[in-house]
Amino acid sequence: MKTFIVDKSIIDLFDSNDFGQLEKLANIHRINCLAGLKSASHGWLGACFSGIDILSSIYHRFIPNPSIESTQRGALHMSKGHAAMAQYAILAALGCFELERLNTYKQLDGLPAHCDRSVPGVDSDSGSLGQGLSKAIGNALSNNIDSTEIKPVFALMGDGEMQEGQLFEALLTLAKHNPRGVVPILDRNYLQSDSCTADIKDAADWVKVFEGIGLVVYEIDGHNFEEIVGAIEKVLSGNAPAIIIAHTIKGAGSSITSMSKDVARREGVWHGKIPSDGEYLQILEELVGKIDHKALRQSFKEFKEQYTCDNQEEFDDKSDNKNLSTGEAFTAALAKYANDKNIFVLDADLEKSCKLTEVARLFNERYIEVGISEQDMTSIAAGIGLTGKIAVVNTYASFFKRSLDQIFAVATEKVPVIFAAHYSGADYFTDGKSHQAVNDIGLMRCIGDIEMVEPVDEKSTEALLAYAIERMRKEFSETGKCRPTYIRLHRTPCNTGISSPLADSGCRKFISALESVKRGVLFTSGPHMTKTALKSQRALEDIGIALDVVIVQRFTDENQVLKNLIAKYNNVFTLEDHRRETGLGAFIGALGFKNPVRIGARAYSQSALSLSDMLKFHQIRVVDVCAVVNKVFACKDHK
């Protein structure tokens with residue numbers, strides 16, 4: 001859809017040295033930020049609008065030439081990386097890239113979902129929270145060795161992000177080492193995702209916390225440009241380590257999107273909501289009115305004359321609405337255990353994304369919301385497990401990377417914990433490499449002593465959950481120890497093409513109907529790869545190749561079923577939405593006899609706006625499978 005972007009010729013008319021005009025520039029950046037969000041029909045408006053006045057002050061006053069080499073200027077580390085679109089809007093305005101590129105937000109070859117060094121002017125990657133301040137400290141320590149000149153190094157953090165343990169470590173480091181130039185800024189809007197920070201977990205008084213650590217604290221209005229710039233100058237000119245608490249409004253800049261800091265639980269809709277066409281025009285009207293510039297008003301008038309309000313197109317987030325995703329099926333199955341007093345459920349501020357709201361209601365006091373604190377959550381689960389009760393730990397599969405040492409402790413203590421790894425695989429395509437889990441199988445297999453399972457459909461999800469609970473209870477009652485379970489769940493619904501649901505928890509083989517001397521076997525797992533494998537089977541039959549398909553749901557082979565299957569074939573393949581060197585292919589190869597030809601992800605990806613784009617990037621479509629299998633048989637024919 002067509003969006004309104006303020007042209008560079010208009011932007012350059014404003015003098016950022018004047019606080020009034022700097023405020024107008026910030027609202028221009030809001031307009032251009034909104035264009036990127038609207039073009040993608042996806043993103044985090046609330047966080048962008050909350051921090052854009054701070055970012056505008058940082059860039060226009062302290063990093064006015066972000067396109068030059070970062071070692072030659074000040075730097076900014078966006079710890080709250082979901083505000084990336086705000087940063088992109090400012091960088092484009094300052095000439096790092098063309099403004100029209102803002103309309104490529106979240107496209108596969110466009111601007112990434114979270115801040116990324118592939119974008120000119122961006123100083124570090126983000127997406128995984130809690131890391132920005134540590135990077136800023138390291139950046140400044142290096143600068144201080146190279147030069148006596150103080151270069152400002154900013155870290156912009158969200159207040160929900162303060163729940164991440166690494167930030168506490170970084171704050172202590174900042175107080176101890178006091179590197180010159182570090183300017184930490186807390187965007188204090190009192191909201192995280194769709195709720196108040198106090199509803200999740202929050203400090204009663206961050207000023208006392210920071211002062212207790214040994215920092216000088218400056219509290220300011222995060223939408224008052226004179227206060228923002230003044231506080232930054234005080235930090236840079238002072239001799240003591242310091243931090244700025246910038247009080248802001250999430251969604252600030254428009255009366256439509258601004259949210260109260262005491263919004264009701266789960267009602268902060270503008271965290272991730274994208275305005276409808278009508279709301280989009282209203283927000284633009286309001287922002288253009290605040291800027292109040294003749295050339296801008298004329299430009300916007302011309303835009304409105306050509307703009308038509310359509311039903312808002314949504315990005316391709318669901319491939320099949322008739323089926324539950326395995327993630328949705330898991331929470332539905334979990335809800336049935338609400339009356340079991342020996343099961344606890346834990347979550348790391350992803351209740352809505354993981355579809356756990358009803359589970360939270362049903363489990364009540366046995367549902368523990370720990371906030372953005374994966375390490376804490378995993379160790380709490382271990383403590384619950386040590387008492388013999390089962391803890392079901394929920395977060396994105398990618399975020400379990402943050403707690404690998406704690407997961408190792410769970411595995412070696414052998415306690416009943418289920419790691420529910422939501423948003424696994426390539427079908428989480430919208431939010432980039434920091435959020436897409438295509439290496440989780442390898443990481444968990446490296447820890448060892450964890451049973452890994454990956455259901456394919458609703459029935460197998462329910463069966464695998466029941467199997468995990470029953471197995472852990474039996475093992476723990478007999479020995480006081482058990483293997484924890486890692487269950488790989490997908491967010492996007494999928495019709496696998498299997499006529500009868502996979503209600504069992506083992507593997508299933510689908511024999512090609514073709515009688516051919518060219519016969520091989522392909523092992524796969526998960527709903528989307530199962531669908532691709534079975535479609536590939538039919539396509540290969542058309543060219544005379546018989547490919548039997550085996551769906552693996554448990555990454556174990558105690559009875560050597562898989563090993564015996566492998567022995568029957570000369571040509572063995574694996575297909576996975578995971579890094580091919582460490583996932584299913586590595587598991588099958590480790591069983592013995594043959595090293596399979598592995599078809600899977602070869603690299604980490606940026607975000608995309610459709611599942612088909614993501615599958616194409618990872619080369620795991622039907623056409624890719626057929627090409628690899630056909631090439632292998634063609635080589636054998638040639639020999």
Taking only Lys NZ, Arg NE, NH1 and NH2, and the carboxylate oxygens of Asp or Glu, determine whether [X] and [Y] approach each other closer than 4.0 Å.
{"X": "K250", "Y": "D187", "answer": "no"}
{"X": "D53", "Y": "R30", "answer": "yes"}
{"X": "E369", "Y": "K201", "answer": "no"}
{"X": "K38", "Y": "D277", "answer": "yes"}
{"X": "D199", "Y": "R265", "answer": "no"}
{"X": "D431", "Y": "K106", "answer": "yes"}
{"X": "K336", "Y": "E462", "answer": "yes"}
{"X": "D376", "Y": "R402", "answer": "no"}

Treating [X] as the side-chain partner and [Y] as the backbone partner, does any N or O pair qualify as donor plus acceptor under 3.5 Å?
{"X": "H490", "Y": "T326", "value": "no"}
{"X": "S353", "Y": "L350", "value": "no"}
{"X": "S126", "Y": "H114", "value": "no"}

Modelled atom types, side-chain donor and acceptor of H247 and D221, under 3.5 Å: no
Neighbour count above 12 (heavy atom, 6.0 Å) for K234 NZ: no
Taking the six-membered ring for Trp, are [X] and [Y] parallel (under 30°), tilted (30 to 60°) or perpendicular (over 60°)?
{"X": "F210", "Y": "W206", "value": "parallel"}
{"X": "H271", "Y": "H82", "value": "tilted"}
{"X": "H29", "Y": "H60", "value": "parallel"}

Working for salt bridge (charged side-chain N to carboxylate O under 4.0 Å, His left out), residues D202 and R188: CA-CA 11 Å; D202 201 357; R188 181 63 160 146; 2.9 Å; yes
With a cut-off of under 6.0 Å to the ring centre and 45° to the axis, is [X] in cation-pi contact with [Y]?
{"X": "R366", "Y": "Y337", "value": "no"}
{"X": "R361", "Y": "Y367", "value": "no"}
{"X": "K261", "Y": "Y190", "value": "yes"}

Chi angles and distances behind the ring-ring contact (aromatic ring centres under 6.0 Å, His included) call for F399, H435: CA-CA 7 Å; F399 293 170; H435 284 52; 5.0 Å; yes
Side chain to side chain contact (heavy atoms under 4.5 Å, CB included) partner of L129, chosen from E164, M162, Q163, M157: E164
